[in-house]
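First up is the structure itself, then whatever we jot down about it.
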2 protein chains.
Amino acid sequence: MRAYDPSKYEPAAVTVDIVALTIREGRLQVLLVERGEEPYLGRLALPGGFVRSHRDNKGRVRGETLDAAAARELAEETGLVPGHAALTRVHLEQLATYGAPDRDPRMRVFSVAYLAFAADMPDPVSGGDAAGAAWVPVERVKRLAFDHAEILADGLERVRAKLEYTPLATSFVGVEFTISELRGVYAAVWGVEPHAGNFHRKVLSTPGFVVDVGEVTERGGSKGGRRARLYRAGDATLLHPALLRPAAEATS
Amino acid sequence: MRAYDPSKYEPAAVTVDIVALTIREGRLQVLLVERGEEPYLGRLALPGGFVRSHRDNKGRVRGETLDAAAARELAEETGLVPGHAALTRVHLEQLATYGAPDRDPRMRVFSVAYLAFAADMPDPVSGGDAAGAAWVPVERVKRLAFDHAEILADGLERVRAKLEYTPLATSFVGVEFTISELRGVYAAVWGVEPHAGNFHRKVLSTPGFVVDVGEVTERGGSKGGRRARLYRAGDATLLHPALLRPAAEATS
DNA sequence: GCAATAGTGTCTGTAAGACATTATGTT
DNA sequence: AACATAATGTCTTACAGACACTATTGC
């Protein structure tokens, strides 16, 4: 059980894979990279890589935390340097760990999957590792490498659920946003448009969800319409009462 | 990024650690083992061990899944053989993965934590690995080895939350149970006693939560009282509407 | 009989969903 | 003016929580 003798065991690798989500053109999109080697050469995959660790001069184990590895990979694949403005507002959370013995034919690989939510992520810049990286609408995603389709599915379910009881949606919009923009997040993630009037009242009546900035947008809609008030994210970590999605899984 | 060269990396070990919970004497209890070696010699810890993998004759990677490793460890530490009646009804789910570089002084160890919920778990039997294993009320747990206190805390929060929106509580009672017994689960896990009358009506009005067996208990309470109707777990996987805990985190 | 436990009925406040209406902007 | 979008108001239904009450059992 806790008798450590690593030599008895097949060496294992630990990676982080990122389900990075953003909303572009009103659609939920995921960051994918094209693989440049076997196996699954040319296939799309979630960005990811090894968790780094080593021993220092005195033989002590050193290395990065899982959270740090995920943040680093996300920065590398998007081509943004860590600390870039667009990266500081990214919400990162651990999703789950996948370790089926045959998930990678070369060796035993355990992948700790992370979820990343961000607003306004730019197109991945070339250079660095972001060779074939691109944002892809989730409904367009076809066959992925390894078990990444399963990881993505789990990630999507997690996001959809978390929108209900956390203010996570504010991670998908800018620092200042309108209620309509926030509603657009729910529409893109859930695939159903919440009722505008009820959504408006609901958001404002949930304590700590949003705070009024006291200003309005520069202009109304392109085809007319009143100018919308601006809000920032509030300090709540949980929504109470929750904002339940319609229909779905009422009976499941 | 996806360039595999394990030799460049410090070897890593992957373990599973189990937060096994049961209810005894009306209190939530967790399975702990006493460590028999350094570090943390003599300290209590969550049961766990290595995930096994090897290569077969043809050089292919073989091994157990994470779920299988968790089930195996649970069986070993409780002294129950896999397939034992008490083990077949155990609910096992992955909790999270912990990989701080200094969490184990000897080498880089990633621990995939699992949650296990069970009813009527016997005292761990001697022999096998269950040397110093015992059930301990969660409020009595003191200093644990490694980062196991954090893992336990995360596990407890997960259980408390899942009781709200899943029929998980039925995993803590026998195949047939009374509404009062079910209420006892909520009381033990949440630390607050739900209102008996409202709880009763609520459980019965939530579709798929429980199904009426059509019988009643052999006797009433030891100090008198009506005989209670018996129920089995229903087929719902999610409770709708949810059974929210009182007070807690209304504002947090 | 009394006390204890199981189970039901009633009332009130809150909130969700449907829908209508007002307010303010663009073309 | 016509239309679009933002924001608010009204109504109905569902449900949680408080509490009272009935039903059934052991002592």
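When reading the values below, keep in mind they use all heavy atoms of this one structure, side chains included, and skip hydrogens, waters and symmetry mates. Order of the sequence lines sets the chain letters (A, B, ...), proteins ahead of strands, with each chain counted from 1.
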Shortest non-hydrogen contact between A/A45 and A/L144, atoms and distance:
N-CD2, 4.4 Å

Contact summary for A/A169 and A/L163, nearest pair of heavy atoms:
N-CD2, 3.6 Å

Hey, does A/T178 reach any base, or is it just sugar-phosphate, or nothing, if we go heavy atoms under 4.0 Å?
nothing

Using a cut-off of 4.0 Å on non-hydrogen atoms, how would the nucleic acid contact of B/S180 be classed: base, sugar-phosphate, or nothing?
sugar-phosphate

Please determine whether a side-chain nitrogen or oxygen atom of [X] lies at a distance below 4.0 Å from atom OP1 or OP2 of [N].
X: B/R183; N: C/dA6; answer: yes
X: B/H195; N: D/dG17; answer: no
X: B/R227; N: D/dT25; answer: yes
X: A/R219; N: D/dA6; answer: no
X: A/R201; N: C/dC19; answer: no

B/R158 side-chain N/O to B/L95 backbone N/O, donor-acceptor pair under 3.5 Å:
yes

First of A/G197 and A/R226 reached from the 5' end of DNA chain D, by closest nucleotide
A/R226

Nearest-Å distance, [atom1] ([X]) to [atom2] ([N])?
X: B/H240; N: D/dA14; atom1: NE2; atom2: P; answer: 12 Å
X: A/L239; N: C/dA15; atom1: CG; atom2: P; answer: 13 Å
X: A/I179; N: D/dA6; atom1: CD1; atom2: C1'; answer: 10 Å
X: A/L182; N: D/dA7; atom1: CG; atom2: P; answer: 12 Å
X: A/H200; N: C/dA18; atom1: NE2; atom2: P; answer: 18 Å
X: A/L204; N: D/dA6; atom1: CG; atom2: C1'; answer: 11 Å
X: B/L243; N: D/dC15; atom1: CG; atom2: P; answer: 13 Å
X: A/Y231; N: D/dA6; atom1: OH; atom2: P; answer: 11 Å

Quick check on DNA chain C: between A/G225 and B/E181, whose nearest nucleotide comes earlier from the 5' end?
B/E181

Closest to the 5' end of DNA chain C, once A/K223 and A/N198 are matched to their nearest nucleotides, is A/N198

Please identify which of these residues, B/D17, B/D154, B/D147, meets the side chain to side chain donor-acceptor pair (under 3.5 Å) condition with B/Y98.
B/D154

Look at the side chain of A/P241 and decide which nucleotide, out of C/dA15, D/dT8, C/dA6, has an atom nearest to it.
C/dA15

Full working for side chain to side chain contact (heavy atoms under 4.5 Å, CB included) between A/W135 and A/R24:
CA-CA 9 Å; A/W135 293 101; A/R24 312 176 119 210; 3.6 Å; yes

